[in-house]
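Notes for the one structure printed next.
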Amino acid sequence: MARVGILTFSDGRDFVHEGAGVGAFARDVEDDIVGALKAAGHEVVRARELVWTNRLATSEARRVAAARPDLTVFNIPVWAFPHFSMLAASETQGPLLLFSNINPVQPGMVGMLAAAGGLDQIGRAYGRAWGDVSDPAVLSRLDTYIRAAKAVRSLEGSTFGRIGGRPMGMYTAVSNTDQWMEKFGVDVEEIDQWELVRRSGEVEGSKVRAAREWLEEHAAGVHYDGDRLTPEILERQIRSYYVMRELIEEWNLDFSGIKGQPELTTHFATMDVTEAFLNDPYDWDGPKDTHVCATEADMDAALTMQILKNLSGTPVLFADVRHYHADRDIWDLCNSGQHATWFAARSEDPAENMRYVHLYPEGFYFPAGGASIHHLAAEGEFTFARLTRLDGRYRMHVMRGSFERYDDETNEQLMRQSTYEWPHAFARMDAGADEILSRYGSNHIHAIPGDHVEELRVICKLLDVDYDGFGGAA
């Protein structure tokens, strides 16, 4: 789970803090919060002393900050001098949350509002929560901030590996590296696509062959055609996957993107197998950590996906907004084999997912050939999101929706209306087609299971990104 720091603030008059039981009350409230957070599975870093002097505000904030918590909670259960919070905030890096109980005797609410006003004046980003932590709704609000803060904090100091440059003239796939470092704390490592070609022949043949045989055994079908898809071309794709794993290890890449088009897809092989299994929580060698890898080296896609992965702990869907079936009010989301095979059944058992997965020869878009990872995403509720830029400023499009499946005949008929061999997800959005098509700012979209809209609101606030909700997520 997350690491949470907590500092509790009290009255700055010694005869109030020590003599009137105010400090003892504040400590009791802190004990309740710490107990609830630990019971929820979080690690808690407590200040050694309550903050009731300016020196303690600085020293205790530095002590807690040294543990690099994902979120620091300023607990203000009583009237506390607001400058203590201001001093502590100056020593606190990362996301900050003000919390107060609502108590008719102790004016913690007054203290929280006074501290909040001061932080507003200096432009410090923070969140607010209030109430009794024993109330499930209050604890849920705290958890929302904690999950969001961890997703944001996880970006800091990370490295994105961009394999190749801008694909096919896509401005939305290329971001400003200076802006990424300043805003998100993310560095960008540029790596040439030639590395995938150069190193592929050095991969041990026996493990490549074993991987191909695993795919042939576990997939619903590997549909060789003797032209665009042969065992040799499939092994070339597998070699690319192993090379990417080497590059990730050598360059300490936290997430990545591969240009692919048009050079590799025209002259070498498509990256569909590579990208799908990097995004999966397993491969033919067994369970592994999910590594976000965006097709077309789409940087804002990869950044969105990394945030969503850090938030949910699951693989993240990458797709084109390919087609709208107006008669059914559903969207066909698909993109050149990019979907992780996990989405086929969302099972912990790879065999259960793979029995829905077909490897089909690529179409005319990709003359170098290779396998496309074809499947239809399993049903369920999803949150959709995408970072885009408007006049140079980041915003995040967010909407709720769900994936649907129908009878086999209908599924086949719908998939064959677009590019059949690619993976598909039939999405029903909680936003009208007119709203989406009139202002959605990318051809790519990303999704994770469950409802994470409130966490994304918090993430946008913490990152100083404009939240842009569609439909019921507005």
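What you see is a predicted model, and the numbers here were worked out from it, not measured in a lab. Positions are given from 1 along the sequence.
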Q.
For Tyr440 and His397, take the angle between the two ring planes, folded into 0 to 90°, and tell me which bin it lands in: parallel under 30, tilted 30 to 60, perpendicular over 60.
A. tilted
Q. How about Ser175 and Asp300: does a side-chain donor come under 3.5 Å of a side-chain acceptor?
A. yes
Q. Do Arg405's NZ or CZ and the ring of Phe426 fall within the cation-pi criteria of under 6.0 Å and 45°?
A. no
Q) NE2/His42 to CG/Leu142 distance, rounded to the nearest 0.5 angstrom? A) 8.5 Å
**Q.** Distance-only polar pair, side chains of Thr419 and Arg322, donor-acceptor under 3.5 Å
**A.** yes
Q: Return the minimal non-hydrogen interatomic distance between Ser154 and Asn310, and the atom names on each side.
A: CB-ND2, 3.3 Å
Q) Is a side-chain donor or acceptor of Asp280 paired with a backbone partner of Asp283 at a separation under 3.5 angstrom? A) no
Q) Do the rings of Phe403 and Phe382 sit parallel, tilted or perpendicular, given the 30° and 60° boundaries? A) tilted
Q. How far apart are the closest heavy atoms of Ile146 and Ala2, and which atoms are they?
A. CG2-CB, 3.4 Å
Q) Taking the six-membered ring of Tyr126, is NZ or CZ of Arg124 closer than 6.0 Å to its centre and within 45° of its axis? A) no
Q.
Under 3.5 Å, is there a donor on one side chain and an acceptor on the other for Asp285 and Tyr242?
A. yes
Q.
Is a donor from one side chain sitting under 3.5 angstrom from an acceptor on the other, for Thr341 and Asn353?
A. no
(Q) Quiz question: by atom type and distance under 3.5 Å, do the side chains of Asp187 and Thr159 form a donor-acceptor pair? (A) no
Q.
Salt bridge check, Arg228 against Glu362: does any charged N sit closer than 4.0 Å to a carboxylate O?
A. no
**Q.** Main-chain N/O of Val174 paired with Arg166 side-chain donor or acceptor, under 3.5 Å
**A.** no
Q: Mind running side-chain contact (heavy atoms from CB on, under 4.5 Å) on Ile330 and Tyr406 for me, showing each step along the way?
A: CA-CA 12 Å; Ile330 60 167; Tyr406 313 106; 3.4 Å; yes
Q: Have a look at Ile307 and tell me which of Ile448, Leu387, Val465 forms a side chain to side chain contact (heavy atoms under 4.5 Å, CB included) with it.
A: Leu387
(Q) Tell me if the aromatic rings of Phe384 and Phe470 count as close, with their centers under 6.0 Å from one another. (A) no
Q | Where Leu462 and Ala149 come nearest, the two heavy atoms and their spacing | A | CD1-CA, 3.9 Å
(Q) Under a 3.5 Å threshold, yes or no: a donor from one side chain and an acceptor from the other, between Tyr324 and Asp329? (A) yes
Q) Should Lys309 and Asp254 count as an ion pair when the cut-off is N to O under 4.0 Å? A) no
(Q) For the residue pair Glu379 / Ser402, report whether a side-chain donor-acceptor contact shorter than 3.5 Å exists. (A) no
Q) Does CD in Gln93 sit with more than 12 non-hydrogen atoms of other residues, nucleotides or ligands closer than 6.0 Å? A) no
**Q.** Closest heavy-atom pair and its distance - Ser240, Thr274
**A.** CB-OG1, 3.4 Å
Q) If we only count heavy atoms from C-beta on, is the Phe160 to Gln306 side-chain gap below 4.5 Å? A) no
Q: Could you go through the side-chain contact (heavy atoms from CB on, under 4.5 Å) check for Val45 and Ile6 one step at a time?
A: CA-CA 6 Å; Val45 179; Ile6 184 166; over 6 Å; no
Q: Quick one: do Arg245 and Glu249 satisfy salt bridge (charged side-chain N to carboxylate O under 4.0 Å, His left out)? Show the steps, please.
A: CA-CA 6 Å; Arg245 285 179 49 176; Glu249 181 69 22; over 6 Å; no
Q) What do you reckon, is NZ of Lys288 surrounded by more than 12 foreign heavy atoms closer than 6.0 Å? A) yes
Q. Is the shortest side-chain N to carboxylate O distance from Asp464 to Arg393 below 4.0 Å?
A. yes
Q.
Is a donor from one side chain sitting under 3.5 angstrom from an acceptor on the other, for Thr144 and Glu454?
A. no
Q) Would you say His452's side chain and Pro449's backbone share a donor-acceptor pair under 3.5 angstrom? A) yes
Q.
How close do Gln193 and Gly164 get, counting heavy atoms only, and between which atoms?
A. CG-CA, 3.6 Å
Q: Begin from the C-alpha positions of Tyr145 and Val73 and carry the test side-chain contact (heavy atoms from CB on, under 4.5 Å) through to its verdict.
A: CA-CA 10 Å; Tyr145 276 94; Val73 176; over 6 Å; no
Q.
Do His223 and His358 pair up side chain to side chain, a donor and an acceptor below 3.5 Å, judged on atom types alone?
A. yes
Q: State, with a plain yes or no, whether a side-chain heavy atom of Phe268 is found less than 4.5 Å away from one of Ser200.
A: yes
Q) Hey, is the main chain of Gly205 close enough, under 3.5 Å, to the side chain of Glu235 for a donor-acceptor pair? A) no
Q) Near Asp408 CG, under 6.0 Å, is it more than 12 heavy atoms from other residues, nucleotides or ligands? A) no
Q: Using the six-membered ring wherever Trp is involved, compare the ring planes of Trp284 and Phe277 and label them parallel, tilted or perpendicular (cut-offs 30° and 60°).
A: tilted
Q) In Å, rounded to the nearest 0.5 Å, how long is the span from CZ of Arg395 to CZ of Arg389? A) 10.5 Å
(Q) Between the side chains of Glu435 and Arg439, is the shortest nitrogen-to-carboxylate-oxygen separation below 4.0 Å, so that they form an ion pair? (A) yes
Q) Out of Thr295, Asp298, Thr172, which residue meets the side chain to side chain donor-acceptor pair (under 3.5 Å) rule with His444? A) Asp298
(Q) Treating His291 as the side-chain partner and Asn279 as the backbone partner, does any N or O pair qualify as donor plus acceptor under 3.5 Å? (A) no
**Q.** Enclosure of Asp349 CG (heavy-atom neighbours >12, cutoff 6.0 Å)
**A.** yes
Q: List the atom of Thr383, the atom of Asp451, and the distance in Å for their closest heavy-atom pair.
A: OG1-CA, 3.4 Å
Q | Other residues, nucleotides, ligands: >12 heavy atoms within 6.0 Å of Glu352 CD | A | yes
Q: Would you check if the side chain of Arg153 reaches a backbone N or O of Leu71 as a donor-acceptor pair within less than 3.5 Å?
A: no
Q) Can you list the steps and then say if Leu456 with Ile459 is a side-chain contact (heavy atoms from CB on, under 4.5 Å)? A) CA-CA 5 Å; Leu456 291 175; Ile459 285 170; 4.0 Å; yes
